[in-house]
Every structure is written in structure tokens, then in C-alpha cells.
Amino acid sequence: MRTILKILKKNLFTIPFFILFSFFDIKLSSATENVFFTVSGIIFSICISQIMSFDLSAVKNTEKYKQFSQSLKNIQDSFLAEFAFSSLAFLSLAILDSKKIECSKRIWKFSFSLNTELQLIMIFSVIFFLKNYINLYQKKCQIDEKIREEAICD
């Protein structure tokens, strides 16, 4: 539940971009949607396989083992939830596109569109995946460092 709340909170960052896109009436094509979803899928697959390949068996300190294990589980949960959210946005866009539905409302100089918001969610998902891939790499470095420290102490 906390992971879902974090994702919803993260998606609040799309609002300024949503307003900007609305003001300038910027619309992305369905090909662009496909590209962002494909990139999300690739990064998601790579990151989940990286998480699954972590070997914590060399960490002898029980406290550190639990800490690293929980940290990896949190990263995994956030990746799964974000990919589910991105997939839901992509499927929603596919349905809207197939039915030729444009959910938009024009207010003053702004053209607010559900399609645009869903596209922005997908773009921010790619950014989220890239940011968390870097976090995953840093976590791997911490684990490797701890294993080396323990090996030196033995």
C-alpha cells in the first residue's frame, strides 16, 4: 500500500508538465506511447532480473543481511507497482485510441486531456525506472563493499 501511495505521489510531478502540455496543446502520437511503454518494459525486465540475481549468501552479518534483503524487496515492489501502473496507463491509452475517444476539456487557453496525462505518466515511469536502476546499482556496490569488508576481517 505504501508503494502505491509513493507512486501516486510521484505522479503529482506530472501536473506541471500536464499544464504546460495543455497550454501549448502538445499531443504525443500513439507511436510515441508505444516507444515509452517498450522502454519501460525493457528497463523493468533488466532491473527485475538484476534483483533476482543478487546473491546475499556471502553477507555474514545477520543485521546487514536483513537490511539488504529488505532493501532489495522494497526496490522490487516499487518496480512491480510502477510497471503495473505504467501498463494500466498504456492499456487505457490503447482503449481510448481504439475507440477514437479523446477525453479532453478546454478551459480558457488550456486543453486538458486524459490522454496527455496518461502519456506523461508513462514518460515519468521511464524516468522512475532509470532513477531506480541507478539506486539498484548503488545497492549492489554497497553489498559488494560489505562482502569485501567481511572477507578482509576473516
Side-chain angles (χ1 to χ4, degrees), residues 1-24 26-97 103 112-154:
M1 183 65 170
R2 257 186 9 218
T3 303
I4 293 171
L5 290 175
K6 282 182 184 178
I7 289 171
L8 291 175
K9 184 178 163 186
K10 174 205 62 85
N11 283 313
L12 290 176
F13 290 111
T14 64
I15 292 173
F17 293 95
F18 179 62
I19 292 169
L20 184 70
F21 274 48
S22 298
F23 184 75
F24 291 107
I26 299 170
K27 295 194 181 348
L28 303 175
S29 69
S30 60
T32 307
E33 297 164 8
N34 291 335
V35 167
F36 279 107
F37 187 69
T38 301
V39 170
S40 289
I42 291 168
I43 297 172
F44 171 76
S45 300
I46 290 169
C47 291
I48 289 297
S49 64
Q50 288 290 317
I51 291 169
M52 295 300 167
S53 68
F54 269 93
D55 181 18
L56 298 176
S57 63
V59 178
K60 296 175 184 163
N61 182 323
T62 307
E63 191 63 37
K64 282 292 183 187
Y65 176 85
K66 287 179 184 177
Q67 179 186 357
F68 289 143
S69 180
Q70 185 59 46
S71 181
L72 289 173
K73 183 182 178 336
N74 291 342
I75 293 171
Q76 176 184 317
D77 290 348
S78 67
F79 273 113
L80 291 169
E82 184 65 36
F83 189 69
F85 202 68
S86 179
S87 298
L88 184 62
F90 181 74
L91 289 173
S92 299
L93 282 165
I95 291 167
L96 293 172
D97 287 347
C103 298
F112 296 102
S113 168
L114 175 62
N115 300 50
T116 301
E117 179 59 22
L118 292 170
Q119 291 169 339
L120 286 169
I121 287 170
M122 290 176 54
I123 292 168
F124 273 77
S125 290
V126 170
I127 294 167
F128 170 86
F129 284 133
L130 291 172
K131 177 187 161 294
N132 276 335
Y133 182 76
I134 293 167
N135 291 344
L136 185 61
Y137 176 75
Q138 290 171 341
K139 184 58 63 184
K140 181 182 180 339
C141 290
Q142 286 177 346
I143 292 169
D144 289 345
E145 180 69 27
K146 184 64 181 167
I147 291 170
R148 274 199 322 275
E149 284 175 9
E150 289 178 351
I152 291 172
C153 292
D154 287 344

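Bear in mind the structure is a predicted one, so any value in this text is a computation, not a measurement. By convention here, the first residue in the shown sequence is residue 1.
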Sequence neighbours left out, what pairs pass ring-ring contact (aromatic ring centres under 6.0 Å, His included) with at least one residue falling in residues 53-73?
none
Working for side chain to side chain contact (heavy atoms under 4.5 Å, CB included), residues Phe90 and Asn34:
CA-CA 8 Å; Phe90 181 74; Asn34 291 335; 3.3 Å; yes
I want to check something: taking the side chain as every heavy atom from C-beta on, are Leu72 and Leu136 in contact at a cut-off of under 4.5 Å?
yes
Between Glu149, Lys66, Lys146, which is the residue that forms a side-chain contact (heavy atoms from CB on, under 4.5 Å) with Asn61?
Lys146
Between Phe129 and the options Phe85, Phe79, Phe37, the ring-ring contact (aromatic ring centres under 6.0 Å, His included) test singles out Phe79
Could you check whether Glu145 pairs with Arg148 (Lys NZ or Arg NE/NH1/NH2 to Asp/Glu carboxylate O, under 4.0 Å)?
yes
To the nearest 0.5 Å, what is the distance between OG on Ser71 and CD1 on Ile143?
7.5 Å
Drop me the distance from Asn115's CG to Glu33's CD, to the nearest 0.5 angstrom.
7.5 Å
Proximity of Phe124 and Phe36 rings by center, below 6.0 Å
no
Could you grab the distance from atom CZ of Phe128 to atom CZ of Phe83, nearest 0.5 Å is fine?
12.5 Å
With side chain to side chain contact (heavy atoms under 4.5 Å, CB included) as the test, would you mind laying out the steps for Gln119 and Leu93 before giving the verdict?
CA-CA 8 Å; Gln119 291 169 339; Leu93 282 165; 3.8 Å; yes
Taking the side chain from Ser92 and the backbone from Leu88, do they hold a donor-acceptor pair closer than 3.5 Å?
yes
Atom NZ in Lys64, atom OG in Ser69: separation rounded to 0.5 Å?
13.5 Å
Return yes when atom CD of Gln70 has more than 12 non-hydrogen atoms of other residues, nucleotides or ligands closer than 6.0 Å, and no otherwise.
yes
Starting from the C-alpha separation in whole Å, work towards a yes-or-no answer on side chain to side chain contact (heavy atoms under 4.5 Å, CB included) for Cys47 and Asn132.
CA-CA 9 Å; Cys47 291; Asn132 276 335; over 6 Å; no
Atom NZ of Lys139 and atom CD1 of Ile75: how far apart are they, to the nearest 0.5 Å?
6.5 Å
CE of Met122 to CD1 of Ile127, rounded to nearest 0.5 Å, is 12.5 Å
So, Asp144 and Lys140, do they make that salt bridge, N to O below 4.0 Å?
yes
